[in-house]
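What follows is a set of notes on a single structure, which appears directly below.
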Amino acid sequence: MEQYITPILMKADGKESLSAVMKQNDVLGIDFLLFDHAKNLYLSDLNDLEASGLLKAGSYVSADNVVFNKLDAYRYHMEQLQAKGVVETRLDEMNL
């Protein structure tokens, strides 16, 4: 399974971007990305990965707790990308 999954663990000091750390770990592109970290970084990390070319059409992105944490800017950005035909997005609300 390790040949298919590259876990990226980062210090929360903000000194390096997510894309820089991924490139240091020889990640050339992202097929599936799970955001489940500091919620205030979701949008900036997504923008960083888009700009770096690591995240592109065909990549799957899942983000945890975007409704509960009211990540409206992140959700809006995803809706805009969908409107441009870059991504398909959906919102799955769960009540636990």
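Both backbone and side-chain heavy atoms feed into the values below; hydrogens, waters and symmetry mates do not.
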With rounding to the nearest 0.5 Å, note down the distance linking CG in L71 to CE in M78. 12.5 Å
Taking distance alone, no hydrogens or angles, what donor-acceptor pairs closer than 3.5 Å link side-chain atoms of residues 29-40 to residues at least two apart or in another chain?
residue: D36; atom: OD1; partner: K39; partner atom: NZ; Å: 3.2
residue: H37; atom: NE2; partner: D45; partner atom: OD2; Å: 2.7
residue: K39; atom: NZ; partner: H37; partner atom: O; Å: 3.3
residue: K39; atom: NZ; partner: Y42; partner atom: OH; Å: 3.0

Would you please test R75 and D72 for side-chain contact (heavy atoms from CB on, under 4.5 Å) and show each step? CA-CA 5 Å; R75 292 173 53 197; D72 297 331; 3.8 Å; yes
Here the gap from S19 atom OG to L49 atom CG, rounded to the nearest 0.5 Å, amounts to 6.0 Å
Heavy atoms from other residues, nucleotides or ligands near CD of E88 exceed 12 (cutoff 6.0 Å): no
Check whether Y74 and V67 end up in the same hydrophobic cluster, where Ile, Leu, Val, Met, Phe, Trp and Tyr are linked by side-chain heavy atoms less than 4.5 Å apart. yes
Are any of the side-chain heavy atoms of T89 and L81 separated by less than 4.5 Å? no
Are V21 and L41 joined in one hydrophobic group, where the rule is that I, L, V, M, F, W and Y side chains link up if heavy atoms are under 4.5 Å apart? no
Tell me whether the count of non-hydrogen atoms from other residues, nucleotides or ligands lying under 6.0 Å of NZ in K70 goes above 12. no
Can you find a side-chain donor-acceptor pair between E50 and H77 that sits under 3.5 Å? yes
Compare every heavy atom of L18 with every heavy atom of D48, then report the nearest pair and how far apart it is. OD2-N, 3.5 Å
